[in-house]
Amino acid sequence: MKDQLYKHLRILQELGYEYLFMEKDMNLTEEKEKKLKEIGRAIQECKKCDLYKSRKQAVLGEGNPDSSLVFIGEAPGGDEDKLGRPFVGRAGKLLTKLIEAAGHKREEFYITNICKCRPPNNRTPTPWEMEACFPYLEKQLQIIQPKVLCLLGATAARAFLKRNVAITKERGSIINWEGKLLYLTYHPAYVLRNPDAEITLFEDIKKAIELAIEK
Ligand code: URA
Ligand code: SF4
C-alpha cells in the first residue's frame with residue numbers, strides 16, 4: 001500500500017506537481033486555528049454583558065476546527081471557568097464518556113457553549129446575555145463550517161430557535177438552520193439528575209455523529 005503510494009507520488013513529482021492537496025488542507029486548518037484564537041483573545045477582554053465581572057476567564061471552546069459536528073452547551077461551570085476548557089466537569093465527563101461509547105473521541109469534534117463566561121452560581125444565562133454572546137459562536141461556526149450542531153439542552157436550543165423549547169418533547173428533532181442541521185438533545189447535566197435519560201442522550205449523540213459524518 002505504502003510502496004504503491006510512493007510510486008504514485010514519484011510519478012506526480014516527475015510530472016511537475018510540487019504540492020498536494022493535503023498540504024493545502026493543513027494550511028487551511030492552521031488558518032482556522034489562528035482565526036479561532038483571535039476570537040479567544042477577544043472574549044477574554046469582552047465586557048458586552050455583566051458575566052465578565054464574575055468570570056475567572058472566558059471559555060472559547062476546543063477541538064477539531066474542521067469538524068463536521070459541533071457540540072454546543074449552555075455556559076461554562078466552575079471547573080470550566082477554572083481550567084479555561086469546555087465540558088471538563090461532571091457533565092463534561094459524561095459527554096466525553098458517551099462520545100467514546102459511540103466509538104469516537106471528543107478531540108474529533110468541536111465543543112463549545114452559547115455563553116463564553118460562567119454565570120454566577122451556574123444560573124441559566126439570561127436572554128440578553130445569550131444574545132450578547134451569540135455573535136462569537138456565529139463567528140466560530142463561520143470558521144469551522146460544520147454540517148451538524150448538536151445542541152445540548154433547552155438553553156442552547158432556545159438560543160438558536162429564539163423561542164421557548166420543551167426539550168423532553170423536542171429532543172431528537174432535526175431542524176434546518178442557515179444551511180446547517182440542528183440536532184436537539186438533553187444537556188448531560190440533566191442526565192446526571194435523571195439517569196434514565198442517559199440511554200436517550202447516548203442514542204442522540206450517536207445519531208448526531210452519523211448525520212455529520214455520513215457520506
Ligand atoms: N455545562 C455547559 O453547558 N457547558 C460546559 O462547558 C460545562 C457544563
Ligand atoms: Fe462577552 Fe460573552 Fe462573556 Fe458576556 S458571556 S462578557 S458577551 S464573552
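Quick note: residue numbers are just sequence positions, from 1. Remember, it's 1-based here, ligands and their atoms both numbered in the order they're listed.
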Proximal ligand 2 atoms for Arg55, defined as those under 4.0 Å from one of its heavy atoms: 3 (Fe), 6 (S)

His187 neighbourhood, listing ligand 1 atoms whose heavy-atom distance to it stays under 4.0 Å: 1 (N), 2 (C), 3 (O)

N or O pair under 3.5 Å between Pro76 and ligand 1: no

Which of the ligand 2 atoms, numbered from 1, are nearer than 4.0 Å to a heavy atom of Cys46: 1 (Fe), 6 (S), 7 (S), 8 (S)

In one Ile/Leu/Val/Met/Phe/Trp/Tyr side-chain cluster, 4.5 Å: Ile99, Ile199: yes

Ala75, portion touching ligand 1 at heavy-atom distance under 4.0 Å: backbone

Side-chain (Lys147) to main-chain (Leu211) donor-acceptor, under 3.5 angstrom: yes

N, O or S atom of Cys133 closer to atom 2 (Fe) of ligand 2 than 2.8 Å: yes

Closest heavy-atom pair and its distance - Leu36, Pro65: CD1-CB, 3.8 Å

Main-chain N/O of Phe87 paired to Arg106 side chain as donor or acceptor, under 3.5 Å: yes

Expected output: side-chain Ser67 to main-chain Asn64 donor-acceptor under 3.5 Å: no

Mode of Glu80 contact toward ligand 1 - side chain, backbone, both, neither (heavy atoms, under 4.0 Å): side chain

Residue and atom name of the nearest protein heavy atom (relative to atom 3 (Fe) of ligand 2), distance in Å to one decimal: Cys117 SG, 2.3 Å

Check: Asp204/Tyr183 side-chain N/O donor and acceptor closer than 3.5 Å: yes

Proximal ligand 1 atoms for Pro86, defined as those under 4.0 Å from one of its heavy atoms: 6 (O)

For atom 4 (Fe) of ligand 2, the protein heavy atom that lies nearest, with its residue and separation: Cys49 SG, 2.3 Å

Heavy-atom pair of closest approach, residues Pro86 and Ile111: CG-O, 3.4 Å

Atoms in ligand 1 with a heavy atom of Gly73 nearer than 4.0 Å: 3 (O)

Atom 4 (N) of ligand 1: nearest protein contact (heavy atom, Å): Asn113 OD1, 2.7 Å

Nearest atoms (heavy-atom pairs only) where Ile43 meets Lys116: CD1-CB, 3.9 Å

